[in-house]
Amino acid sequence: MSSPATLPISSQQPISSAPSQPPLATPAFRSFINRLSSSIRQGFSQRRPWTELVDRTSFSRPDSLTDAASRVRKNFSYFRVNYISLIALVLALSLISHPFSLLLVLCLLGAWLFLYLFRPSDQPFILLGRTFSDREVLGILVVSTVVVIFLTSVGSLLISALMVGLAIVCAHGAFRYPEDLFLDDQEPANAGFLSFLGGAASSAAVAAASAPAIAARV
């Protein structure tokens, strides 16, 4: 008696989806970094010589508050990039002198970048075995930002450093005599430096719209 024929059984291997890109390799993140770095370089190339900023022969006492306000406005139009660099330097020194606050700011910034803004939509956020939706991640980040800024020393540190930087800028602008400055062609050049964040953000948005992984989230 012949044995029954054995039917061949083919085992189908599951088709694995293409591995998703890590946040650092997404087109949106690369475009954002490239646009941000190029805009910063372009802005710093338009800064005024620091020797001109601290020229002692150009300092004089303002005649009135109106004169001081006019000087601040004119000097800011001319030394805008230098003033922004000074304020950024004061903020950086304040954070460096407080390592814990610096660590909190870096962690918060990294969380916003890699857990929400540039995280591919096909990579769910999983913590302690629980998968969080994009809305839940956004809520956690917002609550974390409020806690870090308002319930720790980070908020008071940033505000005090910003006030110190603005005080330095206003004092310099009020006591520097601006009549030797050429202000006619400064606005278009300096506007590019101030708008680098908006340009970088819009560039990242365009790249995100063209990337399927990011576009699926939007």
Min side-chain heavy-atom separation Tyr78-Arg176 under 4.5 Å: no

Backbone of Thr66 reached by a side-chain donor or acceptor of Ser70 within 3.5 Å: no

Hydrophobic cluster identity match, Val143 and Leu151, side-chain contacts under 4.5 Å: yes

Connected via hydrophobic side-chain network under 4.5 Å: Trp50 and Phe76: yes

Sub-4.5 Å side-chain heavy-atom contact between Asn75 and Tyr83: yes

Verify same cluster id: Leu138, Val146 (apolar side-chain graph, 4.5 Å): yes

Hydrophobic cluster identity match, Met163 and Ile96, side-chain contacts under 4.5 Å: no

Leu166 reachable from Phe79 in the ILVMFWY side-chain graph, under 4.5 Å edges: yes

Heavy-atom side-chain contact between Val137 and Leu141 under 4.5 Å: yes

Thr57: side chain to side chain donor-acceptor pair (under 3.5 Å) partners, not counting sequence neighbours: Asp55

Where Val54 and Phe59 come nearest, the two heavy atoms and their spacing: C-CE1, 4.1 Å

Nearest non-hydrogen partners of Asp67 and Pro62, listed with the distance: OD2-CA, 3.5 Å

pair Leu158-Leu162: side-chain heavy atoms closer than 4.5 Å: no

Result block: side-chain N/O donor-acceptor pairs under 3.5 angstrom for residues 100-109, not counting sequence neighbours:
residue : atom : partner : partner atom : Å
Ser101  : OG   : Ser153  : OG           : 3.3

Selection residues 136-162 - residue pairs positive for salt bridge (Lys or Arg N to Asp or Glu O under 4.0 Å), sequence neighbours left out: Arg130-Glu136

CG/Leu65: more than 12 non-hydrogen atoms of other groups inside 6.0 Å: no

Minimal non-hydrogen separation, Arg61 against Phe175, with atom names: CA-CD2, 4.1 Å

By side chain to side chain donor-acceptor pair (under 3.5 Å) - contacts of Thr145 (at least two apart): Trp112

Atom pair CG (Leu86) and CG (Leu53), whose distance is rounded to the nearest 0.5 Å: 6.5 Å

ILVMFWY clustering at 4.5 Å (side-chain atoms), partners of Leu93: Leu89

For Ser60, all residues meeting side chain to side chain donor-acceptor pair (under 3.5 Å), sequence neighbours excluded: Arg71

